[in-house]
Amino acid sequence: MKIHINDYNSLDEAIRSEFGESVTVEGRSYIGGGDINDAACLMLTNGEQVFIKSNKISNKDFFDTEVSGLNAIAGTNTITTPKLICKGTDRERGTSFLMMELIRGGKKIKDYWEVFGRELAAMHLADTDDHVKSGKFGFAENNYIGAGRQINTCKESWVDFFRECRLEPQFKRAERYFDSAFRKNIIILMDNIDKILTEPEKPSLLHGDLWSGNFITGNDGKAWLIDPAVYVGHAEADIAMTELFGGFSGSFYSAYREVNPTEEGYKRRKNIYNLYHMLNHLNLFGSGYLSTVRSMVYNAIR
Ligand code: ADP
């Protein structure tokens with residue numbers, strides 16, 4: 001299911017077309033907590049409030065790919081994402097933007113974590129054929145992991161995909177941080193990755209960047225997914241990321257595993273999945289992440 005949203009050349013035009021000819025913005029309150037974009041709640045003259053993310057015009061692709069990702073998740077009919085309104089560029093303000101339903105937050109439902117776990121597992125069990133051009137793993141287009149480019153070239157094998165589309169591009173980007181001894185360890189790791197990773201029983205649509213800042217309590221009190229970096233992969237890569245920075249309750253994991261049990265040997269593979277995110281952090285935020293990357297590589301080849 002692809003939900004089409006309009007793409008405008010100005011924010012004022014977007015608001016007039018979506019909400020009515022006489023409607024304009026009468027207030028804006030900024031929302032913190034994002035990594036890359038400016039986020040705000042827009043108060044409209046018709047009394048409605050909407051959420052808007054904006055960035056430079058040249059970063060419009062962030063929003064085009066975010067729309068594809070949110071559409072892919074919404075299409076599984078398993079877990080809620082905010083309703084998209086429209087996107088576009090605004091030459092006058094020098095911005096690109098994505099507008100969506102405002103999440104006001106609210107009281108969590110009683111079994112919040114269990115429902116979240118079950119809904120994520122259902123998403124991981126959903127059909128993935130629509131999202132890959134060929135083969136089983138990847139996505140119809142490249143997208144972003146934070147501000148980092150994420151390559152989604154489709155492959156028949158998960159292990160090949162993770163080696164060639166996840167680790168390799170990040171290692172290449174980070175080359176300047178590594179001395180020759182460490183480069184040898186990277187080669188050992190890459191040559192032996194098929195002894196660590198395994199093919200999943202079934203490919204899954206992944207959120208792709210599932211840390212605790214990328215789910216939010218929605219207007220129905222349940223966890224909604226935001227800001228994805230979707231692709232089709234091994235479900236355990238999403239679960240690994242939830243464990244990287246924490247913030248997910250134990251009942252989330254037990255409910256998840258009742259629906260989609262963890263395959264044997266996950267603990268060793270988890271380190272490799274999260275190495276991708278730490279390499280991305282190294283490339284985006286600098287050498288503060290180098291020692292973590294080094295110890296993850298050593299642990300993997302030990
Ligand atoms: P970024 O792409 O910059 O990482 P996020 O998508 O994570 O931005 O969102 C930035 C901030 O806005 C976060 O605090 C997030 O919780 C909040 N947020 C995201 N989507 C909505 C929404 N639809 N309604 C209200 N707040 C939102």
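First listed ligand is number 1; within each ligand, the first listed atom is number 1.
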Does the distance from a Lys or Arg side-chain N to an Asp or Glu carboxylate O, for Asp111 and Lys222, drop under 4.0 Å?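 Looking at Asp111 and Lys222, the cut-off is not met.
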In terms of side-chain geometry, is the basic nitrogen of Lys60 or Asp64 positioned less than 4.0 Å from the acidic oxygen of its partner? yes
Region of [X] engaging ligand 1 - heavy atom pairs below 4.0 Å:
{"X": "Ile216", "answer": "side chain"}
{"X": "Ile31", "answer": "side chain"}
{"X": "Ile103", "answer": "both"}

Considering heavy atoms of the protein only, find what lies nearest to [atom] and give residue, atom and distance to 0.1 Å.
{"atom": "atom 10 (C) of ligand 1", "answer": "Gly34 CA, 3.6 Å"}
{"atom": "atom 7 (O) of ligand 1", "answer": "Asp227 OD2, 3.3 Å"}
{"atom": "atom 15 (C) of ligand 1", "answer": "Ile226 CD1, 3.9 Å"}
{"atom": "atom 22 (C) of ligand 1", "answer": "Phe51 CG, 3.4 Å"}
{"atom": "atom 6 (O) of ligand 1", "answer": "Lys53 NZ, 2.7 Å"}
{"atom": "atom 14 (O) of ligand 1", "answer": "Gly32 O, 2.6 Å"}

For Leu102, the ligand 1 atoms whose distance to one of its heavy atoms is below 4.0 Å: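 Those qualifying, in numeric order: 24 (N), 25 (C).
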Met100: numbered ligand 1 atoms lying under 4.0 Å from its heavy atoms: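 This gives 23 (N) as the contact atoms.
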Pair Met123-Leu120, side chain to side chain contact (heavy atoms under 4.5 Å, CB included): steps then yes or no: CA-CA 5 Å; Met123 182 182 105; Leu120 185 75; 4.1 Å; yes
Under 3.5 Å between any N/O of Glu101 and any N/O of ligand 1: does that happen in this structure?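 For ligand 1, there is an N or O atom that lies under 3.5 Å from one belonging to Glu101.
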Taking both backbone and side-chain atoms of Ile36, is any N or O found less than 3.5 Å from an N or O belonging to ligand 1? yes
Evaluation steps, side chain to side chain donor-acceptor pair (under 3.5 Å), between Tyr276 and Gln150: CA-CA 11 Å; Tyr276 170 61; Gln150 179 162 269; 2.7 Å; yes
Can you label the angle between the Tyr144 ring and the Phe62 ring as parallel, tilted or perpendicular, going by 30° and 60°?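 Tyr144 and Phe62: perpendicular rings.
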Dump the intermediate steps for ring pair (Phe, Tyr, Trp, His ring centres under 6.0 Å) on Tyr266 and His234, then the final yes or no. CA-CA 11 Å; Tyr266 159 71; His234 198 316; 8.7 Å; no
Output, in order, the C-alpha distance, side-chain angles, deciding distance and verdict of side chain to side chain contact (heavy atoms under 4.5 Å, CB included) for Leu206 and Val230. CA-CA 5 Å; Leu206 307 188; Val230 301; over 6 Å; no
Verdict with reasoning, Ser157 to Glu199, per side chain to side chain donor-acceptor pair (under 3.5 Å): CA-CA 7 Å; Ser157 147; Glu199 299 296 324; 2.9 Å; yes
Hey, does Gly105 sit under 4.0 Å from ligand 1 if you only count heavy atoms? no
Can you spot which of Thr80, Leu210, Ile216 makes a side chain to side chain contact (heavy atoms under 4.5 Å, CB included) with Leu225? Leu210
